[in-house]
Protein chains: 2
Amino acid sequence: MSYTIGEVAKKMNLSVHTIRYYEKEGLIPSISRTKSGLRTFEDADLEWIKLIECLKATNMPLKDIKTYIDWYIEGDSTIPKRYEMFLKRKQIVENQIKELQKTLTFINFKCNYYENAIKNGSTKMKEKLYK
Amino acid sequence: MSYTIGEVAKKMNLSVHTIRYYEKEGLIPSISRTKSGLRTFEDADLEWIKLIECLKATNMPLKDIKTYIDWYIEGDSTIPKRYEMFLKRKQIVENQIKELQKTLTFINFKCNYYENAIKNGSTKMKEKLYK
DNA sequence: GTTAAAGTTTGACTCAACTCTAGATGTTGA
DNA sequence: TCAACATCTAGAGTTGAGTCAAACTTTAAC
């Protein structure tokens, strides 16, 4: 099964521009082409795109994703590096979750204040609470 | 207690440039100045900076943070809007946490594969697993 | 066979969020 | 007092991640 760039864009919810950009930046290795030059995406290419999206979701910059992909291309000798990278990412994501949970507490706090403000009438509360 | 911009930068782990930039963009309302024009930060200003950092941590763009601050300045009539905003943020953060948890599962999966790859010797496993 | 839709490339442009520079002025400790 | 350092403004430069335009080619449907 193979797809055109437009189909992939729809499937992955990206623009065709973005997909070309990712290829140009070396984030999707070896997309094959028809004789006439059109890109043909295989499921393996979609897997790469999913990986990019996944790492991007952890706020990993594209150049670091690129580094990882270069390691992959380099072959088995980079397996330890790649493993290290995922371990580090794991740490980072765990921290991000912790941070977001702290932020959520803060936001809930604000929500409660505003709820009270609205219920009790705004002027009854100290200004600073509304910040 | 009041602080210079340099002290605030250290305290908040931001550059002085960034703090001036935030002020210029209207993210920190009414920082007072000495006669000679130097900024003097009060604890209330630090609270604003903390709020900015907090909202930024949720991937909120600065221009949306600005909108919120404008509402604050506008006064009590914007309290419902501000409340709505926090409710929306709450939703967003909850989703972000969910997404990150999915990502974490994926990363753990990768970690396991690489662990096995290293343990068993790389050539014994199918290439696709190392992606 | 024509034509509209979708594909190609190169290179310029955009946008957010800083980040730095230059040249001037202000502050502080020996 | 004066050297060293911090701060000021205005404006330019950078980075990351796209996004678009122009001019052209390929493909699919009729």
Side-chain angles (χ1 to χ4, degrees), chain A residues 1-28 30-42 45-46 48-70 89 92 96, chain B residues 1-28 30-42 45-46 48-70 89 92 96 99 103:
Chain A
M1 187 68 189
S2 78
Y3 316 89
T4 67
I5 195 167
E7 284 162 354
V8 174
K10 205 166 280 171
K11 232 177 148 69
M12 297 281 122
N13 208 25
L14 293 169
S15 76
V16 294
H17 303 298
T18 303
I19 295 170
R20 289 199 197 102
Y21 170 70
Y22 285 172
E23 191 200 19
K24 201 178 71 186
E25 296 299 307
L27 299 180
I28 315 169
S30 65
I31 297 168
S32 56
R33 305 278 185 133
T34 64
K35 275 155 290 172
S36 56
L38 303 195
R39 289 170 184 83
T40 56
F41 293 80
E42 306 299 325
D45 299 313
L46 301 197
W48 278 114
I49 295 173
K50 275 181 208 156
L51 177 64
I52 294 167
E53 291 304 289
C54 171
L55 293 175
K56 247 166 54 75
T58 74
N59 291 316
M60 188 166 180
L62 296 189
K63 74 166 172 23
D64 291 359
I65 300 177
K66 168 83 166 95
T67 300
Y68 174 76
I69 285 159
D70 288 344
R89 267 299 113 184
I92 289 169
Q96 283 174 343
Chain B
M1 186 69 190
S2 78
Y3 316 89
T4 67
I5 195 167
E7 284 162 355
V8 174
K10 205 166 280 173
K11 231 175 148 70
M12 298 281 122
N13 208 26
L14 293 168
S15 76
V16 293
H17 301 297
T18 302
I19 295 169
R20 288 198 199 105
Y21 170 71
Y22 285 171
E23 192 200 18
K24 202 177 69 187
E25 296 299 306
L27 299 180
I28 314 168
S30 64
I31 297 168
S32 56
R33 307 276 186 134
T34 64
K35 275 154 290 169
S36 57
L38 303 194
R39 289 171 185 83
T40 56
F41 292 79
E42 306 300 323
D45 300 312
L46 301 196
W48 278 115
I49 295 173
K50 275 182 208 158
L51 177 63
I52 295 167
E53 291 304 290
C54 172
L55 293 176
K56 248 167 51 77
T58 74
N59 292 315
M60 189 166 181
L62 296 188
K63 75 167 172 21
D64 292 0
I65 299 177
K66 167 86 166 94
T67 300
Y68 174 76
I69 285 159
D70 288 344
R89 267 299 114 185
I92 289 169
Q96 283 174 342
E99 283 305 307
T103 301

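A, B, ... follow the sequence lines: proteins, then strands. Residue 1 opens every chain. Keep in mind that what you see is a predicted model, and the values were worked out from it rather than measured.
Residues satisfying the side chain to side chain contact (heavy atoms under 4.5 Å, CB included) test with A/Thr58, not counting sequence neighbours, are A/Met60, A/Arg89, A/Val93, A/Gln96, B/Thr103, B/Ile107. Under the rule for a side chain to side chain contact (heavy atoms under 4.5 Å, CB included), the partners of A/Ser36 that lie at least two apart in sequence or sit in another chain are A/Thr34, A/Leu38. Partners of B/Tyr3 according to the side-chain hydrogen bond (donor to acceptor under 3.5 Å, both in side chains) rule, which considers only residues two or more places apart in sequence or in another chain, are B/Asp43. Judged as a side chain to side chain contact (heavy atoms under 4.5 Å, CB included), and not counting sequence neighbours, the contacts of B/Val16 are B/Ile5, B/Ala9, B/Arg20. Residues passing the salt bridge (Lys or Arg N to Asp or Glu O under 4.0 Å) test with B/Lys11, sequence neighbours excluded: none. Considering only residues two or more places apart in sequence or on other chains, B/Thr4 meets the side chain to side chain contact (heavy atoms under 4.5 Å, CB included) condition with B/Glu7. With sequence neighbours left out, B/Glu99 forms a salt bridge (Lys or Arg N to Asp or Glu O under 4.0 Å) with B/Lys102.
First and last contacting nucleotides of DNA chain C toward chain B (any atom under 4.0 angstrom from a heavy atom, 5' to 3' order): C/dA17 to C/dT27.
Rounded to an integer number of Å, the gap from A/Lys66 NZ to D/dA17 P is 14 Å.
Residues of residues 53-63 of chain B that place a heavy atom closer than 4.0 Å to DNA chain C, in numerical order, are B/Lys56, B/Pro61, B/Leu62.
Minimum heavy-atom separation, A/Ile49 to A/Val8: CD1-CG1, 3.7 Å.
In this structure, A/Tyr21 does not reach the D/dC20 phosphate: none of its side-chain N or O atoms is under 4.0 Å from OP1 or OP2.
For residues 31-42 of chain A, the set of pairs meeting the salt bridge (Lys or Arg N to Asp or Glu O under 4.0 Å) definition, not counting sequence neighbours, comprises A/Glu23-A/Arg33, A/Glu23-A/Arg39. For the salt bridge (Lys or Arg N to Asp or Glu O under 4.0 Å) condition, the pairs that include at least one residue of residues 48-64 of chain B, sequence neighbours left out, are B/Glu47-B/Lys50.
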Next item on the list: Using a 4.0 Å heavy-atom cut-off, write out nucleotides 1-11 of chain D from 5' to 3' as B (base contacted by protein), S (sugar-phosphate only) or - (no contact).
Entry: ------SBB--

